[in-house]
Amino acid sequence: QLQFVESGGGLVQPGGSLSLSCSASISRLDYYSIAWFRQAPGKEREGVLCISGGGGSTIYADSVKGRFTISRDNAKKTTYLQMNGLRPEDTANYYCAVPLRAAFACPVTGTSAEFGSWGQGTQVTVSS
């Protein structure tokens, strides 16, 4: 069964950067698209970015355009989220997941109900 372990979160000042990692326990990661989600206290889980098995990316959250990038290393079975220009509103627990209907391409919408195999997440706090 596919499982994820997220890491790399922490406390950062506004304008700073963090790089998150998502490691997968699976023999072949390149068959799957992988998405990053985030959830702030009292808010619904929100799709951020998705990367297809071929490496193409889909942005789910307009607020991260030009600031966050997603990448993957299939040999290491790891997906990354590079976050630059962080803002207090980016504070959340960040998760990675795969589409329930396991797909090479990213779903058009980043609705959490379409995804599964959630990890425990990694906390990102942006504060001065």
Side-chain angles (χ1 to χ4, degrees):
Q1 183 176 354
L2 176 59
Q3 291 184 319
F4 291 114
V5 176
E6 300 92 343
S7 62
L11 173 64
V12 63
Q13 292 187 342
S17 299
L18 277 176
S19 181
L20 307 183
S21 298
C22 170
S23 298
S25 61
I26 193 169
S27 58
R28 291 288 299 271
L29 186 64
D30 51 327
Y31 294 153
Y32 301 93
S33 57
I34 308 291
W36 281 97
F37 282 76
R38 63 186 180 184
Q39 187 167 20
K43 294 188 177 182
E44 291 187 356
R45 194 165 293 187
E46 172 191 36
V48 179
L49 282 162
C50 180
I51 188 165
S52 70
S57 62
T58 300
I59 298 176
Y60 292 140
D62 287 342
S63 64
V64 308
K65 282 182 181 177
R67 301 189 298 125
F68 291 11
T69 56
I70 190 170
S71 61
R72 64 192 296 162
D73 185 331
N74 290 329
K76 295 183 178 179
K77 303 175 189 177
T78 301
T79 306
Y80 305 96
L81 183 67
Q82 177 65 41
M83 304 185 296
N84 300 324
L86 282 161
R87 305 168 180 169
E89 54 264 38
D90 295 317
T91 295
N93 205 16
Y94 283 71
Y95 305 85
C96 49
V98 292
L100 289 172
R101 297 183 181 182
F104 188 80
C106 291
V108 173
T109 60
T111 304
S112 60
E114 296 183 77
F115 290 80
S117 299
W118 301 97
Q120 294 299 307
T122 185
Q123 178 67 37
V124 172
T125 302
V126 185
S127 175
S128 55

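Summarising the local packing, CD of E44 is surrounded by 12 or fewer heavy atoms from other residues, nucleotides or ligands at distances under 6.0 Å. No more than 12 heavy-atom neighbours from other residues, nucleotides or ligands sit within 6.0 angstrom of CD on Q120.
In this view, E6 satisfies the salt bridge (Lys or Arg N to Asp or Glu O under 4.0 Å) rule with no residue, not counting sequence neighbours. Judged as a side chain to side chain contact (heavy atoms under 4.5 Å, CB included), and not counting sequence neighbours, the contacts of T111 are T109, A113, E114. Residues forming a salt bridge (Lys or Arg N to Asp or Glu O under 4.0 Å) with R87 (at least two apart in sequence, or on another chain): none. The side chain to side chain contact (heavy atoms under 4.5 Å, CB included) search around I59 returns L49, V64, K65, not counting sequence neighbours. Looking at residues two or more places apart in sequence or on another chain, you find no salt bridge (Lys or Arg N to Asp or Glu O under 4.0 Å) involving R45. Residues passing the side-chain hydrogen bond (donor to acceptor under 3.5 Å, both in side chains) test with S25: none are found, sequence neighbours excluded. Legend: residues meeting side chain to side chain contact (heavy atoms under 4.5 Å, CB included) with L11, ordered by chain and number and at least two apart, are T125, S127. Remark: D73 engages no residue in a salt bridge (Lys or Arg N to Asp or Glu O under 4.0 Å) (not counting sequence neighbours). For F115, the ring pair (Phe, Tyr, Trp, His ring centres under 6.0 Å) criterion is met by F37, not counting sequence neighbours.
Contact annotation: the side chain of V126 never approaches that of L18 to less than 4.5 Å [non-hydrogen atoms, C-beta and beyond]. For the pair P99/S33, a side-chain contact is recorded, criterion being any heavy-atom separation below 4.5 Å from C-beta on. Inter-residue side-chain proximity for D90 and R67 is flagged as met; some heavy-atom pair is nearer than 4.5 Å. At a threshold of 4.5 Å between non-hydrogen side-chain atoms, the residues Y31 and I26 do not count as touching.
When all heavy atoms of T91 and A40 are compared, the pair lying nearest together is O-CB, 3.6 Å.
A disulfide (SG to SG under 2.5 Å) check over residues 30-60, counting only residues at least two apart or in different chains, returns the pairs C50-C106. Applying the disulfide (SG to SG under 2.5 Å) test to pairs two or more places apart or on separate chains, those with a residue in residues 4-45 are C22-C96. Under the side chain to side chain donor-acceptor pair (under 3.5 Å) criterion, the residue pairs touching residues 8-18 are S17-N84, with sequence neighbours excluded.
From I34, atom CD1 reaches atom OG1 of T79 across 4.5 Å, with rounding to the nearest 0.5 Å. Separating the CZ atom in R72 from the OG atom in S52 is a distance of 7.0 Å, to the nearest 0.5 Å.
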